[in-house]
Amino acid sequence: MKKLLFTIASVLLLVVQAQAQLAKDNKCKFLGNITTTGDDWQEYCDWSSCNLTYSDFWDQVTCENATKWGSVHQGFGRFNWSNADRTYNYCKEKGIIFKFHALIWGSQHPSFIESLSVDDTKKAIIEWFDEVQKHYPDLTIIDVVNEAIYSGSDYHSPYKQTKIIEALGSLAEDRAQKETGTRPSYNCNTNGYPNTNSYQWLAEAFRLARERWPNATLIYNDYNTFQWQKTEFINLVNGIKACGGPIDAAGNQAHDLNDMSGSQFKSALEEIHNKTQLPQYITEYDICKKDDQTFETRYKEQFPIMWEADYVPGVTLWGWIYGKTWVNDGDGEDGKGASGLVRDCKHRSAFTWLQNYMKDNVAKNASATVCGKAAGGPRLTVSTSETAIELGQSVTISAELEGASSISYSVSGVQIGTGSEIVWTPTEAGEFTVEVSAESSDGTVKRTVSIKVVEVGPFGGEPASIPGKIEAENYDKGFAGEAFFDLSDGNNCDDYTDYYRSDDIDIKKISDGIAIGHCQKGEWMNYTINVTEDGEYDVVLRVGTGNSDGGKMTISIGDIVKEVSIDQTGEWGSFAEVSVGTMKLTKGVHVLKLSIDKDWIDIDWISFEKDPSSVADYANNNVISVIPNPASSKIEIIGAGYDVKVEFVSLAGSVVKESNKAEISLGDVANGVYMLRITTPNETVVKKLVVKK
């Protein structure tokens, strides 16, 4: 487990404002907009042709392009600040919050780094951060990294940021070596998976920013966070936290809300906040609809939700002049730049509604747990020694606020300690939200931190007994990466969510029980087992795959490893019993590992039985035989005579077929392993049969 340190802006200090904008009556929330680069810049500031002035409406500015790394950094030692300075100086003159956007973005990086080595790219990144700090030492709010999630287009391709990832990952390793003397492989993504540099490169960008702007609010900003890439966004933000990145807030661009209802948007916004426990900025909000009524409807449905959420410190609209914004509604000329609020010098109905809404007491009094207008002020710093602990262990939680007279910590309204630092030992497993409350002469500031408490050990408290059958869904309890590994976040399988268990392993109900589903290559589960006696054990898997080329798995117990090829078991959802072969096991407690080597396998159970050939066959065992074995279409019982009864017994113990003939068709017998109970007038013999069609 890696230490988590993150800081959250408090509500204690306000930036002096011109107090003429739409959000002038709300003490903490800002309502901002953007400026473009080049000739259009003036139209966003003092648009004289329509008698419109930027500072009459907006109290925060984000440069659309002027402050991006690719726009400013021209080469080692060469920077072009002209467009950025125009906006920065305008903000200083008008008393408007200046947000820096963005320090790192793979899709708009300087072209000169494409020919650099990793070491020289590291130097370029450091030079860029240092130059920004030198030029703008008083930044209060910064998009540190922009759009690191692959969205499926070439523009947001991960290949555009590969060199940046390598360089920042290497810088993180340089830092670790300097601090600890080692260069570790990091294990710090949101689910604890051992994925080297998974989120470490992002965390390093935030560490570099914090060193240069200790009081600024540091934001991760991304696209499509409310619909298509919500889970990826949550995981990435939590991954930065898990790697110790000092991230203060999440930035949701909100370009994906054109056809999203208010209730859907509210649910998504709340989920992101609840799962990240960070303030949520709406950083690039626009609705691209040329139809005025639809445009107004979307604003009415969505804007109050974001503005009235106390965990949203500020909202930034992405443009306001029709025809001058980046998005189009359709191919016609009238749909270009259709997200603008002012069209042909007239306020669209949505803009009129927005201005009236901002004058209402609901908007004026909308509360904020974090003050967007005080982005650079004093901050309540909360840190934990661990973000996830084993049940029975303790976690240290500390908090610091300048001038605090008291600090208290509580869970579900029950106080668990006071002071600048506490040690807490939870008594039950689960995910807990610890509320930290700090009192000072300026009032009360409250922040929260999440602690996950995990019970570790065999499922059910006791190792599974061998010989016997182990249900696949009863894998060991514990941490991801230690007890199990799953490539997809959350327990979601077919129509089932968090069915049976709440880990990331995907579980579903099947016709005759419960199974693990959708297993992908690289996933695995551990099972603590107790072998009751030494011996050779026949091992059988009940699995399913609809792949025409089947599947592959590996079963390992210590140094004993069995690779299993699985033929297609039929349509998706069908299962068959597959023989693994024999495994020679020693008495005692061991760990069984089921590993997936080919995508899309469902697992029902795995069984271990003493080899029937050594304990179940009788005196006539060398006389009676079954041919062929394995068999596909039919079998013949040799040496039993004509007065014979043959029973096919599944490994679950049920009789699936009976015959009074020595030659038996297998047309109605599924693939799998069976015990043939062969009864003659003199004796009963048990033989193992593998059916493989």
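Numbers for residues simply follow the sequence, beginning at 1. Predicted, not measured: the structure shown is a model, and the values here were computed from it.
- Residues in residues 543-566 take part in these salt bridge (charged side-chain N to carboxylate O under 4.0 Å, His left out) pairs, two or more places apart or across chains: Asp549-Lys598.
- Not a single donor-acceptor pair under 3.5 Å links the side chain of Glu390 to the backbone N or O of Val456.
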- Quick one: do Tyr674 and Val669 satisfy side chain to side chain contact (heavy atoms under 4.5 Å, CB included)? Show the steps, please. CA-CA 10 Å; Tyr674 301 89; Val669 180; 3.6 Å; yes
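- Under the rule for a salt bridge (Lys or Arg N to Asp or Glu O under 4.0 Å), the partners of Glu204 that lie at least two apart in sequence or sit in another chain are Arg175, Arg207.
- A side-chain donor-acceptor contact under 3.5 Å links Glu523 to the backbone of Leu487.
- Applying the salt bridge (charged side-chain N to carboxylate O under 4.0 Å, His left out) test to every pair with at least one member in residues 263-273, sequence neighbours left out, gives these pairs: Lys230-Glu271, Lys266-Glu270, Glu271-Lys275.
- Side-chain atoms of Val673 and Met675, non-hydrogen and from C-beta on, do get closer than 4.5 Å to each other.
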Anything under 3.5 Å between a donor and an acceptor, one on a side chain of residues 458-470, the other on a protein residue two or more places apart or in another chain? List them.
none

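- Taking Ser261 as the reference, Ser263, Gln264 meet the side chain to side chain contact (heavy atoms under 4.5 Å, CB included) condition, with sequence neighbours excluded.
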Taking only distance into account, with no hydrogens and no angle test, what donor-acceptor pairs under 3.5 Å do side-chain atoms of residues 586-594 form with protein atoms, sequence neighbours excluded?
residue, atom, partner, partner atom, Å
His590, NE2, Thr586, O, 2.9

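- Under the 3.5 Å distance criterion, the side-chain polar atoms of Gln302 are matched with a main-chain donor or acceptor of Met260.
- Listed here is the closest heavy atom pair of Val395 and Ser385: CG2-OG, 3.6 Å.
- In this structure, the side chain of Tyr220 engages the main chain of Ala148 through a donor-acceptor pair within 3.5 Å.
- Not one N or O on the side chain of Ser502 forms a donor-acceptor pair closer than 3.5 Å with the backbone of Asp498.
- Checked against salt bridge (Lys or Arg N to Asp or Glu O under 4.0 Å), Asp602 has the following partners two or more places apart in sequence or in another chain: Lys508.
- Checking side-chain atoms of Asp504 against main-chain N and O of Gly490 turns up a donor-acceptor pair under 3.5 Å.
- With sequence neighbours left out, the ring-ring contact (aromatic ring centres under 6.0 Å, His included) criterion links Phe265 to Phe226.
- For Tyr285, the ring-ring contact (aromatic ring centres under 6.0 Å, His included) test picks out Tyr299, with sequence neighbours left out.
- Applying the ring-ring contact (aromatic ring centres under 6.0 Å, His included) criterion to Trp424, with sequence neighbours excluded, gives Phe432.
- Residues Val540 and Glu577 come closest through the heavy atom pair CG1-CB, 3.9 Å.
- Closest approach of Ile164 to His109, counting heavy atoms only: CD1-CB, 4.0 Å.
- Phe648 does not carry Arg677 over the face of its six-membered ring by the limits of under 6.0 Å from the centre and within 45° of the normal.
- For the side chain to side chain contact (heavy atoms under 4.5 Å, CB included) with Asn252, the qualifying choice from Asn224, Ile272, Asn221, Ile219 is Ile272, the only one to do so.
- Between the Asn629 side chain and the Lys688 main chain, a donor and an acceptor come within less than 3.5 Å of each other.
- Gln227 places a side-chain N or O within 3.5 Å of a backbone atom of Asp256 that can act as its donor or acceptor partner.
- Pairing each heavy atom of Cys519 with each of Ile603, the nearest pair is SG-CD1, 4.0 Å.
- Classification of Lys477 and Glu455 as a salt-bridged pair holds, one side-chain N sitting under 4.0 Å from a carboxylate O.
- Partners of Asp512 according to the salt bridge (Lys or Arg N to Asp or Glu O under 4.0 Å) rule, which considers only residues two or more places apart in sequence or in another chain, are Arg542.
- Taking 4.5 Å as the limit, every side-chain heavy atom of Ile282 sits out of range of all side-chain heavy atoms of Trp318.
- Although no hydrogens or angles enter the test, the distance criterion places no donor-acceptor pair under 3.5 Å between the side chain of Asp599 and the main chain of Gln520.
- For the atom pair Ile635 CD1 and Leu689 CG, the distance stands at 5.0 Å (nearest 0.5 Å).
- Scored by the salt bridge (Lys or Arg N to Asp or Glu O under 4.0 Å) test, Lys693 finds no partners at all (sequence neighbours excluded).
- The backbone N or O of Asp222 sits nowhere less than 3.5 Å from a side-chain atom of Thr225 that would complete a donor-acceptor pair.
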